[in-house]
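Just so it is clear, the values below take in all heavy atoms, side chains as well, and ignore hydrogens, waters and symmetry mates.
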Number of protein chains: 2
Amino acid sequence: MKRNSRLSSTLHILVHMAEKPEQALTSEQLATFIHTNPVVVRRTIAGLRDAGIVTSSRGHGGGWLLGRVPEKISLAEISVALGETLLPFSTEPESPGCLVEQAVIAVLDDFRIAAERLLAEKLSRITLADLTADFRRRFDLIGVSSHAV
Amino acid sequence: MKRNSRLSSTLHILVHMAEKPEQALTSEQLATFIHTNPVVVRRTIAGLRDAGIVTSSRGHGGGWLLGRVPEKISLAEISVALGETLLPFSTEPESPGCLVEQAVIAVLDDFRIAAERLLAEKLSRITLADLTADFRRRFDLIGVSSHAV
DNA sequence: CCAATCGTAACTAACTAAGTTACATGAAGC
DNA sequence: GCTTCATGTAACTTAGTTAGTTACGATTGG
């Protein structure tokens, strides 16, 4: 798992889970999908469990299941549950008292707040169901769902 | 200069430059504004010079000047010149051939492209002149522009 | 009781970006 | 010309972040 790919890796995992709604998948299995190891998976999606997006169970036959139907899981929620920031830049003061900085931060914060709201709104319209639908379309076309690589 | 504060630090510098349009400011002076050192400043704003947003000159009386009036310098240009990415997440394939990943990336890329266009459009409407205007408003209110800290 | 599984802490490794040092290049003033 | 003040840039160091790994405790089902 590369840097900055937590969102796409998590979505990858979730689509696989959505495709096997009855079967609890282990961290081990999920890890192979995204070429990493079980502990990284547990750590990454721990927030999703707290948010009710997935559930986990221990012991024999344990593993991970979706917490609700894919139609009710939006990318906005997932992003928040992962603790991802939508915008990468910081607006924290470094020179308290400098009016130039205050002006810069004020303008930048206005932008950031508006932009975040906008992006969150866009992300809230995309659900896990949209992703599985897209996957099935591709699958029906090609007929294979290779995980050889 | 903290991580992820390149945009706000650069804006800080540019507002100071806009406030002294006749006077070339040295990297040394600019560095003190954002509590770093001259080399970091040169490195950071080198891209702005390439984009014509600022000019630099060497030798006695040398330093940095705005390349054009603040009204014609947008935050969108600055952000691009800094080489900043507007969105933090990656959509590079890690499992070529996996249809699930392809579906995830397709959806995420659609979102990213739309989002980037949107953000760039918003940023292109904010100019350096807006920042200096905001600064002057604050200055007129308080009457001091401390850089003691 | 045992094997499978998650939860989590602690450590290591890899990567990124800022900070620093050093020096070459160029411009202005004497 | 020589000196001084600047930028330009390469190379190295340092600090911070995050993925990866190891280890082990807790829980569950057979």
Side-chain angles (χ1 to χ4, degrees), chain A residues 1-10 12-13 17 20 23-67 81-85 88-90 92 94-95, chain B residues 1-10 12-13 17 20 23-67 81-85 88-90 92 94-95:
Chain A
M1 183 154 116
K2 293 194 206 117
R3 276 176 102 96
N4 282 344
S5 64
R6 277 173 64 206
L7 180 57
S8 63
S9 294
T10 300
H12 188 156
I13 282 174
M17 285 169 63
K20 303 269 189 185
Q23 181 187 344
L25 296 173
T26 67
S27 309
E28 185 81 38
Q29 294 173 300
L30 298 177
T32 65
F33 293 143
I34 58 172
H35 303 112
T36 182
N37 76 50
V39 177
V40 172
V41 169
R42 286 183 212 130
R43 205 154 56 193
T44 303
I45 63 178
L48 303 203
R49 182 185 51 228
D50 301 341
I53 296 167
V54 297
T55 62
S56 65
S57 55
R58 303 185 181 193
H60 260 290
W64 301 82
L65 285 170
L66 292 185
L82 285 172
E84 303 265 89
T85 52
F89 60 85
S90 128
E92 277 176 42
E94 299 179 20
S95 313
Chain B
M1 186 153 114
K2 292 192 208 118
R3 274 178 102 96
N4 282 345
S5 63
R6 277 173 65 204
L7 180 57
S8 63
S9 293
T10 301
H12 188 156
I13 281 175
M17 287 169 63
K20 303 269 190 187
Q23 180 185 344
L25 297 173
T26 66
S27 308
E28 185 82 40
Q29 294 173 300
L30 297 178
T32 64
F33 293 142
I34 59 171
H35 304 112
T36 183
N37 75 50
V39 177
V40 173
V41 168
R42 285 182 213 132
R43 204 154 55 192
T44 303
I45 63 178
L48 304 203
R49 182 185 51 228
D50 301 341
I53 296 168
V54 297
T55 62
S56 64
S57 56
R58 305 184 182 195
H60 261 289
W64 300 82
L65 286 170
L66 291 185
L82 286 173
E84 303 265 86
T85 52
F89 60 84
S90 128
E92 276 175 45
E94 299 179 21
S95 312

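If you measure from atom CD of Glu28(B) to atom C1' of dT21(C), you get 14 Å, rounded to the nearest angstrom. Rounded to a whole Å, the CG atom of Asp50(B) is 16 Å from the P atom of dT7(D). To the nearest angstrom, P of dT20(C) lies 13 Å from NE2 of His35(B).
When heavy atoms are screened at a 4.0 angstrom cut-off, Arg6(B) is found touching the sugar-phosphate backbone but no base atom. Here Gly59(B) lies in heavy-atom contact (under 4.0 Å) with a base. If you check every strand for non-hydrogen atoms under 4.0 Å, Gly61(B) touches nothing.
Side chain Arg43(A) to base dT21(D): a donor-acceptor pair is found below 3.5 Å.
The phosphate of dT21(D) (OP1 or OP2) has a side-chain N or O of Asn37(A) nearer than 4.0 angstrom. A close approach under 4.0 Å does occur between a side-chain nitrogen or oxygen of Ser56(A) and OP1 or OP2 of dG7(C).
When distances run from any side-chain atom of Trp64(A) to the nucleotides dT21(C), dA6(D), dC6(C), the shortest one goes to dC6(C). The side chain of Thr36(A) lies closest to dG20(D), out of dA4(C), dT20(C), dG20(D). Here the nucleotide nearest the side chain of Val39(B), chosen from dA10(D), dC5(D), dG20(D), is dA10(D). Closest contact between the side chain of Arg42(B) and the listed nucleotides dC6(C), dG8(D), dC5(D) involves dG8(D). You'll find that the side chain of His60(B) is closest to dA28(C), out of dA28(C), dG7(C), dG20(D). The side chain of Arg58(B) has dA27(C) as its nearest neighbour among dA22(C), dA26(D), dA27(C). Among the nucleotides dA6(D), dT27(D), dG8(D), the one closest to the side chain of Thr26(B) is dA6(D).
To the nearest 0.5 Å, the span separating NZ on Lys20(A) from CD on Gln29(A) amounts to 9.0 Å. To the nearest 0.5 Å, atom CZ of residue Arg6(B) and atom CD of residue Glu84(B) are 5.0 Å apart.
Of the two residues near DNA chain C, Gly62(A) and Ala46(A), the one whose nearest nucleotide lies more 5' is Gly62(A).
Relative to the axis of its first five pairs, the axis of the last five pairs of the helix from dC1(C)-dG30(D) to dC30(C)-dG1(D) sits at 10°, rounded to 10 degrees.
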